[in-house]
Amino acid sequence: MKPIILASASPRRKKLLQQINLEFQVHASNVTEGYDSSLSPAEVVQTLAQRKALDVAQRYHEALIIGADTIVAHKDTILEKPATYEAAEQMLHELSGSTHSVLTGVTLCQNTFGKDQRVHTFFEETHVTFGKLRSEDITQYVQSGSPMDKAGSYGIQDDFGAIFVKRIEGDYNTVVGLPLYAFYQSMIQFAPEFLATNHPTKQ
Ligand SMILES: Cc1cn([C@H]2C[C@H](O)[C@@H](COP(=O)(O)OP(=O)(O)OP(=O)(O)O)O2)c(=O)[nH]c1=O
């Protein structure tokens, strides 16, 4: 069976992929996540998703490698993972009481031994509206440490998401880090054979 490789260190992405009952291995990439500041948010997430997938794809002759990247975009500013607790508080104050976009880029890279390498990249966008956040709630959430490994300094899957997200428009899983609906549709189009062999029906 040709393996599916998730090129991500994100525990959320691993959990999402486990949800759709695919058999896969995890092999995180170690690429830098810098990008040209002239790129649009959609170009950034697709560029980074592709960079991660192609980095790991070098290590597999026969496999489907999946890379992904998630950012928050608010008023033409890209918010990634916060560097400090202060940066995390600042981001959440900025997002308080407003609507922002969360974009996730995904790359599927299919290596076929001795033949070609086929690459398919797409992105999904979800709009998230926060209620007005109290300073003490922001401080308490940031002190929990949870925001530090998440784009935009928050996890919609955290209790924070449950009490502060007023509404979302788009796939919830795009915000968590992997748009499962669009991903599965892409698998059907791009690599259906991997669904047949790596998708054991639940007993
Ligand atoms: C907005 C948001 C982001 N996130 C997470 C998803 C990603 O893990 C992270 C964005 O950082 P990414 O650089 O996309 O991913 P990562 O560094 O966690 O892992 P890798 O690069 O190895 O794939 O933010 C949430 O878990 N919940 C959310 O609500």
Side-chain angles (χ1 to χ4, degrees), residues 4-19 24-35 39 41-59 64-74 77-83 87-88 90-92 94-96 98-109 121-131 133 138 141-142 144-180 182-183:
I4 295 177
I5 311 295
L6 175 61
S8 175
S10 170
R12 279 80 55 175
R13 289 197 177 109
K14 181 180 176 184
K15 202 166 163 214
L16 284 168
L17 216 43
Q18 285 170 333
Q19 260 182 28
F24 64 95
Q25 302 160 33
V26 173
H27 187 142
S29 73
N30 51 20
V31 297
T32 57
E33 299 200 21
Y35 55 82
L39 293 180
E43 290 165 333
V44 168
V45 290
Q46 292 180 96
T47 301
L48 292 177
Q50 190 152 309
R51 189 184 301 169
K52 296 175 190 179
L54 295 183
D55 172 61
V56 173
Q58 297 173 63
R59 300 168 178 77
L64 178 77
I65 301 95
I66 303 161
D69 190 75
T70 301
I71 61 170
V72 168
H74 180 56
T77 307
I78 289 181
L79 306 176
E80 295 172 270
K81 296 190 280 283
Q90 174 57 36
M91 282 192 213
L92 292 174
E94 191 185 311
L95 295 175
S96 173
S98 73
T99 298
H100 59 272
S101 295
V102 183
L103 297 91
T104 293
V106 182
T107 289
L108 307 180
C109 172
T121 299
F122 67 93
F123 80 98
E124 286 290 309
E125 181 170 0
T126 294
H127 300 294
V128 178
T129 301
F130 278 2
L133 310 178
I138 288 177
Y141 182 55
V142 170
S144 76
S146 183
M148 303 316 286
D149 66 343
K150 299 179 180 69
S153 303
Y154 76 92
I156 195 167
Q157 69 277 16
D158 292 347
D159 53 355
F160 175 90
I163 51 181
F164 290 122
V165 170
K166 221 166 155 181
R167 67 179 255 124
I168 77 167
E169 196 183 335
D171 186 340
Y172 170 87
N173 291 321
T174 298
V175 186
V176 181
L178 188 66
L180 286 179
F183 165 75

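Predicted model only: the values in this text are computed from it and were never measured. We count ligands from 1, going down the list as the structure has it; atoms in each ligand are counted the same way.
For atom 24 (O) of ligand 1, the closest non-hydrogen atom on the protein side is Ala151 N, 3.0 Å. Protein heavy atom closest to atom 15 (O) of ligand 1, with residue, atom name and distance, is Arg13 NH1, 2.9 Å. Looking only at protein heavy atoms, the nearest one to atom 2 (C) of ligand 1 is Val175 O, 3.1 Å.
Between His100 and Tyr154, the gap from one ring centroid to the other is short of 6.0 Å.
With a 4.0 Å cut-off on non-hydrogen atoms, Ser8 touches ligand 1 through its backbone as well as its side chain. Here Lys81 has side-chain heavy atoms under 4.0 Å from ligand 1, and that is the only part of it that gets that close. Under 4.0 Å from ligand 1, the heavy atoms of Asp149 that appear belong solely to its backbone. With a 4.0 Å heavy-atom cut-off, ligand 1 is reached by the backbone of Val176 but not by any atom from C-beta on.
Not a single N or O atom of Ala28, backbone or side chain, sits closer than 3.5 Å to an N or O atom of ligand 1. Taking only nitrogen or oxygen atoms, main chain and side chain alike, Ile156 reaches within less than 3.5 Å of ligand 1. Considering backbone and side-chain atoms alike, Ala9 places an N or O below 3.5 Å from some N or O of ligand 1.
Put simply, no part of Glu80 is less than 4.0 Å from ligand 1, judged by heavy atoms.
For ligand 1, the atoms sitting less than 4.0 Å from at least one non-hydrogen atom of Lys52 are 12 (P), 13 (O), 14 (O), 15 (O), 20 (P), 21 (O), 23 (O), numbered in the order shown with element in parentheses. Counting atoms of ligand 1 from 1 in the listed order, those under 4.0 Å from a heavy atom of Gly155 are 27 (N), 28 (C), 29 (O). Close approach to Gln157 involves these atoms of ligand 1, each under 4.0 Å from a residue heavy atom: 25 (C), 26 (O), 27 (N), 28 (C), 29 (O).
Here the side chains of Val102 and Ile156 are not in contact, with every heavy-atom distance at 4.5 Å or above. Contact check for Phe183 versus Ile66: side-chain heavy atoms found under the 4.5 Å cut-off. Two residues are said to be in side-chain contact when any heavy atoms from C-beta on lie closer than 4.5 Å; Pro179 and Phe122 meet this criterion. At least one side-chain heavy atom of Tyr172 sits under 4.5 Å from a side-chain heavy atom of Gln157.
Lys52 places a side-chain N or O within donor-acceptor distance of the main-chain N or O of Ala68, the cut-off being under 3.5 Å. Looking only at distances, a side-chain donor or acceptor of Arg51 sits under 3.5 Å from a matching main-chain atom of Thr32.
Each of Asn173, Leu17, Asp171 was scored for a side chain to side chain contact (heavy atoms under 4.5 Å, CB included) with Leu178, with one residue passing: Leu17. Lys150 pairs with exactly one of Thr70, Asp158, Val175, Leu79 by the side chain to side chain contact (heavy atoms under 4.5 Å, CB included) rule, that one being Asp158.
Between the CD atom in Gln25 and the CG atom in Leu6 there is a gap of 10.5 Å [rounded to 0.5 Å].
Looking at Thr126, Thr104, Thr70, it is Thr70 that brings a heavy atom closest to atom 10 (C) of ligand 1. Taking each of Ser10, Ala49, Gly105 in turn, the one with a heavy atom nearest to atom 18 (O) of ligand 1 proves to be Ser10.
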